[in-house]
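Below is one structure, written out as C-alpha cells; the observations come after it.
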2 protein chains.
Amino acid sequence: MSLSRRTLGKALTPDVGRGIPDATVARLPIYGRVLTSLITAGNSTVSSDHLAALCGVSPAKLRKDLSLLGSYGTRGVGYDVGFLSAQIDRELGLSRPWRVVIVGAGNLGRALVSYRGFESRGFEIVGLVDSHPDVVGTRVTVGARELLVLPSASLEALVRQSHAHIGVIVTPAESAQAVAERLVAAGIRSILNFAPVVLTVPVGVEVRKVDFGVELQILAFHEQRRGEEPMSQAMHA
Amino acid sequence: MSLSRRTLGKALTPDVGRGIPDATVARLPIYGRVLTSLITAGNSTVSSDHLAALCGVSPAKLRKDLSLLGSYGTRGVGYDVGFLSAQIDRELGLSRPWRVVIVGAGNLGRALVSYRGFESRGFEIVGLVDSHPDVVGTRVTVGARELLVLPSASLEALVRQSHAHIGVIVTPAESAQAVAERLVAAGIRSILNFAPVVLTVPVGVEVRKVDFGVELQILAFHEQRRGEEPMSQAMHA
DNA sequence: TAGATTGTTAATCGATTAACAATC
DNA sequence: TAGATTGTTAATCGATTAACAATC
C-alpha cells in the first residue's frame, strides 16, 4: 500500500522492444518546430551542426536522437528538412488528428483555447466545459470557429460523443482529481494537467503536468545559487 | 552549472559542495507543495513511504533526494512536516521574495497575473507590460492589488526601478527573442519563456521553457504507441 | 527490547558525449 | 578524388533502484 500504483507496471518486461527513449521523445517536438520554421524560410537541407544550434542541443545528441528514428540523413550533405519533418511528425503521431477536451474555462482555459499552436499541430479542441453558471453558455473564439462553454454535467457525454483522446484539466486544484476520475471513466487515457496537484490515475492512463509555480521555483533556486557563488566568467551583454 | 568547491565551514549547512542534482531540484517543489497540504491538514510527521506515494515517486528516490539536503528525518519516526517544508523552502530560495516582471498581457499573460500560486509562494509580480495600444492602460487584478498594464517602452525602467529578478515572456513567438534581449540588457538573468521559440541568451542567463504544444505532442506520442501495441505485455493492472 | 523507518551503499539502468569509420 | 557530414561505437556521466545497517 505504500507503493504508488503507477510505479508497479514496468517491472517484468525484458526490454527487447525498440522504443524511443523518453529523453529523445521530449526533444522531438522541438526539432519538429525548428524544422517547420526552416521549411517556411525556404531551406531544403540542414546539417546536424546547424539544426542542433537552432534547437539548443549538441550536434552529437541531435544525430543520436535522429538515428533512433531511422537513417534519414545523407552523409556529406545533411538532412532534407521536409522529409525529416514528416518523419518526426509521423513518429510523434501528428499525422493523424487528436481530439482534445478542455475542462475549465477560466483565464487559463480560455488562453489555451485561443492558443494557435494546437490547431496548427493537428489537435482539435472538440469541447470546453466549466462548472461555473456565469461562464456556461458564453462563447470563446478558436481561430475561425466559436466554442460554446458547456456545463460540467455534460462532460461525459461530450467525451463519448466526440470520441476525444486527450483531456486537459484547467480547474482549481480542489476539483482536479474528481475531474480526472470522470475523464478516465468516460474513456480518456491521456491527461494534461495544469492544476497544481499530483493526480492519482489507474495504470495505463498517461498524465503530464504543467506547473508554472514549479518552473518559477526552479528559476529562483538557480538565482539564489548564483548569488551565493562568487561570479566567475560569464556575462557579456 | 559551474561548481565551486569552497568550504564555508558552517556546522548546520549540509554538504552541498557539488550542488543538488538537477533531477532532484526539479522534484523539490513537488515535495514542498505536498508538505504544505499536509501541514494544512494538520499532520505533524510523515514517513517517506507515505510522502512518496502522495508525490508520485518511489520511497527510495524520495529518501535519496531528501538526504541530499541533509539528515532531517528521524529513524523509526519519519519527517517533521513543518521542519522539512522549511528546509525545502530554504533550499529552493523561497524564504526570500523574488520580484517578477511579466511581458505580454494577452490571455495567457493575464492568466499568469491572476494565478494564485505565485504570491502564495513568495513571488511578487512587480509589473506587466504589453506593446498593444488597446491593452496598455487597462488594469488586471492580482489578489488584493491592481496591476496597470504598462507600455512596452517602459520595460527597462520597470526592471531597473523594481530590481526585478525574473522575467516572464508571454508574447507571440516573433517578439520573444527581442524581449529576451531587452530583459537581459536591463539586468534580468532568469527568464521563464512561454513563447514557442528557443531563445538565445548570453552565458550566465538561465532560461526555462513552458510549451503546451510540446506536452500535448508527447501525450499524442504515447497515445499512438498505445494504439499500436497489442497490449500483450506492458499492461497488467 | 521489538518494530519502524531513515540514510547510505553498491548495483543497475539510462542518457550524454567524443570520436571516427562509413559514405555521400 | 577531396571535403563534408552522417550513423554508430564505446566511454563516461548521472540518475534510479533495491537492500540493509544504523538507530530512533
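In what follows, chains are A, B, ... by sequence order, proteins preceding strands, each numbered from 1. The figures that follow rest on heavy atoms only: side chains count, while hydrogens, waters and symmetry mates do not.
To the nearest angstrom, P of C:dT6 lies 15 Å from CG of B:L69. Straight-line distance from the NZ atom of A:K61 to the P atom of C:dA15: 11 Å, rounded to whole Å. The nearest whole Å value for the distance from the CG atom in B:L84 to the P atom in C:dT6 is 11 Å. In this structure, CG of B:D49 is placed 14 Å from C1' of C:dG3, rounded to the nearest angstrom. Put simply, CZ on B:R27 is 12 Å from C1' on D:dT17, counting in whole angstrom units. What separates CG of A:L68 from P of C:dG14 is a distance of 14 Å, to the nearest Å. In this structure, the CZ atom of B:F83 is 15 Å from the P atom of C:dT6, given to the nearest Å. Across the protein-nucleic acid pair, B:Y72 atom OH and C:dT6 atom P stand 16 Å apart, rounded to whole Å.
Applying the side-chain hydrogen bond (donor to acceptor under 3.5 Å, both in side chains) definition to pairs two or more places apart or across chains, those involving residues 32-46 of chain A are A:R33-B:D211.
Counting non-hydrogen atoms of other residues, nucleotides and ligands closer than 6.0 Å to CZ of B:R116 gives a total of 12 or fewer.
Dashed line: the shortest gap from a side-chain N or O of B:Y79 to OP1 or OP2 of C:dA4 is not under 4.0 Å. Distances shown here put every side-chain N or O of B:S48 at or beyond 4.0 Å from the OP1 or OP2 atom of C:dT5.
Pairing partner, C:dG3: D:dC24, with both Watson-Crick or wobble hydrogen-bond distances short of 3.5 Å. With both pairing distances under 3.5 Å, C:dA11 is matched to D:dT16 as a Watson-Crick or G-U wobble pair.
Side-chain polar atoms of A:E206 and A:S190 form no donor-acceptor pair below 3.5 angstrom. Between the side chains of B:D89 and B:S95, no donor-acceptor pair of N or O atoms lies under 3.5 Å.
At the heavy-atom level, A:S71 lies under 4.0 Å from the strands shown only through sugar-phosphate atoms. Using a 4.0 Å heavy-atom cutoff across all strands shown, B:T74 reaches sugar-phosphate atoms only and no base atom. Across all strands shown, A:D22 has heavy atoms under 4.0 Å from sugar-phosphate atoms exclusively, and none from any base.
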Practice item. Using the side chain to side chain donor-acceptor pair (under 3.5 Å) rule, take A:E91 and A:Q87 through it: C-alpha gap first, then chi angles, then the decisive distance, then the call. Key: CA-CA 6 Å; A:E91 189 65 40; A:Q87 298 312 315; over 6 Å; no
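A distance of 12.5 Å separates CZ of B:F123 from CG of B:L112, quoted to the nearest 0.5 Å.
For B:R208 and A:E215, the salt-bridge test passes: some basic side-chain N is under 4.0 Å from an acidic carboxylate O.
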Review point. In B/S/- notation, 5' to 3', how is nucleotides 18-23 of chain D contacted by protein heavy atoms closer than 4.0 Å?
Key: BBBBBB
